[in-house]
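Every heavy atom of this structure was used, including side-chain atoms; hydrogens, water molecules and symmetry mates were not.
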Amino acid sequence: MRKFLFETFALSSTDVFHLASTSINNHDDLNPHDHDYFEFFIVSDGEGIHKINNKELSIQKGEACFIRPHDVHTFKKTSKEELVITNLAIKADLLPFYKERYFTSPQLCYWNDEQIPLHVVFTDDELQSILGYLDQMVSKENNLLTLDTFVLHLFSLLKDYSIQDGHLPSWLNYSLKEFRSPQYLKTGINGFIALSQRSGDHVNRVVKKSMQKTLTELVNDERLLYTANQLAMTNAPIKSIYTNAGFENHSYFFRIFKKKYGITPQQYRSKNHKVI
């Protein structure tokens with residue numbers, strides 16, 4: 001097993017990060033290794049296997065992982081396309097600063113202490129946004145300002161990603177992000193299951209275990225969150241808001257909205273909508 005050292009990548013003693021992109025094929029799989037630095041990697045293209053701490057996890061385009069120094073890992077390509085990994089190495093002594101400043105407790109940091117490091121799947125738009133930031137870093141100074149600009153963007157994309165009660169599986173996190181738009185909200189339970197690319201029974205079990213709610217409750221909660229945000233942020237007619245969220249019955253929508261928020265949709269709008 002190899003150990004990768006930050007100092008071997010750094011061009012200067014003042015460097016705080018190192019950025020690289022690696023194309024992996026069947027004849028050039030990486031050997032297992034660990035590091036003396038923290039790492040964030042994202043799959044830019046292709047599919048493969050992430051071998052991490054004696055486990056094998058399927059990875060796909062848009063999937064990312066937060067590697068700690070003690071993690072032993074490597075990659076293997078499984079598709080015809082190249083497996084392209086873009087990775088950002090961060091000097092180890094910088095992580096305490098991020099943990100203290102941006103997380104209420106160290107265990108909530110994305111570089112956490114679980115046996116398997118945190119994996120997440122980003123949408124296509126989020127992937128392009130992340131790669132755009134990383135591309136810009138190549139031509140900028142290798143300093144804290146450049147690194148912080150990217151890290152804060154990354155954290156902002158992950159602000160809705162819950163690790164308080166144990167992080168969600170990457171496929172469920174991806175499905176939730178995609179589902180939060182009228183295009184998918186209207187499709188309801190069947191649409192959510194289709195997004196997950198898993199059986200309905202499996203989705204129900206994982207949602208219940210991870211989020212302590214049924215799939216029906218999850219779909220209704222996401223629909224109600226959408227309507228509440230629209231009521232507070234727009235002047236759109238209430239009927240168009242709840243139909244865009246997938247509610248077809250006026251009385252049913254008003255009943256469950258009041259049950260969740262304690263007031264009617266009109267009262268909620270009056271209380272929260274501010275016109276500047």
Side-chain angles (χ1 to χ4, degrees), residues 1-2 4 20-35 38-89 110-131 134 154 157-158 160-163 165-179 184 191-211 215 218:
M1 185 187 75
R2 296 183 62 187
F4 291 171
S21 183
T22 304
S23 297
I24 299 170
N25 59 54
N26 290 333
H27 304 291
D28 189 33
D29 295 336
L30 294 176
N31 293 321
H33 59 276
D34 61 4
H35 325 93
F38 287 83
E39 177 185 329
F40 168 81
F41 79 73
I42 190 163
V43 181
S44 309
D45 210 357
E47 298 177 354
I49 298 293
H50 184 206
K51 298 180 179 180
I52 175 74
N53 299 339
N54 296 318
K55 291 188 178 294
E56 293 192 357
L57 304 175
S58 297
I59 53 175
Q60 59 182 312
K61 181 179 179 180
E63 187 152 355
C65 184
F66 294 80
I67 299 295
R68 297 76 54 97
H70 65 269
D71 290 318
V72 178
H73 73 132
T74 187
F75 303 94
K76 184 176 181 179
K77 170 187 166 183
T78 59
S79 62
K80 292 182 180 179
E81 298 82 11
E82 280 189 315
L83 175 61
V84 183
I85 306 293
T86 300
N87 64 294
L88 175 69
Y110 302 119
W111 288 276
N112 57 35
D113 295 325
E114 301 291 332
Q115 179 184 1
I116 301 300
L118 181 65
H119 285 69
V120 297
V121 179
F122 291 101
T123 65
D124 287 341
D125 287 345
E126 290 170 338
L127 170 62
Q128 295 309 314
S129 173
I130 289 171
L131 294 179
L134 293 174
L154 178 64
L157 291 178
L158 289 164
D160 295 326
Y161 192 91
S162 173
I163 59 175
D165 301 312
H167 61 75
L168 304 179
S170 58
W171 63 263
L172 180 52
N173 180 54
Y174 172 82
S175 300
L176 277 170
K177 287 185 175 182
E178 289 290 297
F179 189 70
Y184 290 111
F192 192 93
I193 292 171
L195 273 173
S196 72
Q197 299 184 1
R198 283 153 175 82
S199 71
D201 286 343
H202 181 73
V203 175
N204 267 298
R205 286 196 302 271
V206 175
V207 168
K208 185 70 174 178
K209 180 179 180 180
S210 302
M211 306 182 74
L215 183 53
L218 172 62

Quick one: which of Phe192, Tyr184, Tyr174 gives a ring pair (Phe, Tyr, Trp, His ring centres under 6.0 Å) with Phe179?
-> Phe192
Any His50 side-chain heavy atom under 4.5 Å of Cys65 side chain | yes
Would you mind listing every salt bridge (charged side-chain N to carboxylate O under 4.0 Å, His left out) that reaches into residues 118-128, with sequence neighbours excluded?
-> Glu126-Lys177
Taking Asn53 for its side chain and Val72 for its backbone only, find out whether a donor-acceptor pair lies under 3.5 Å.
-> yes
Distance-only, no hydrogens or angles: does the Trp111 side chain make a donor-acceptor pair with backbone N or O of Glu39 under 3.5 Å?
-> yes
Report yes if some heavy atom in the side chain of Ile42 is under 4.5 Å from a heavy atom in the side chain of Glu63; otherwise report no.
-> no
Under the salt bridge (charged side-chain N to carboxylate O under 4.0 Å, His left out) test, which residues partner Asp45, sequence neighbours left out?
-> none
Compare all side-chain heavy atoms of Met211 with those of Leu176 and state whether any distance is below 4.5 angstrom.
-> yes
Using a 4.5 Å cut-off on heavy atoms from C-beta on, say whether the side chain of Leu131 contacts that of Phe122.
-> no
May I ask you to test the Val43-Val84 pair for a side-chain heavy-atom distance under 4.5 Å?
-> no
Is any side-chain heavy atom of His35 less than 4.5 Å from a side-chain heavy atom of Arg2?
-> no
Is a side-chain N or O of His33 found less than 3.5 angstrom from the main chain of Asn31, in a donor-acceptor match?
-> yes
Within the 6.0 Å centroid threshold, strictly below: Phe66 and His119 = no
Between the side chain of Arg198 and the main-chain N/O of Ser196, is any donor-acceptor distance below 3.5 Å?
-> yes
Considering all heavy atoms of both residues, which atom of Ile116 and which atom of Ile52 are nearest to each other, and what is their separation?
-> CD1-O, 3.8 Å
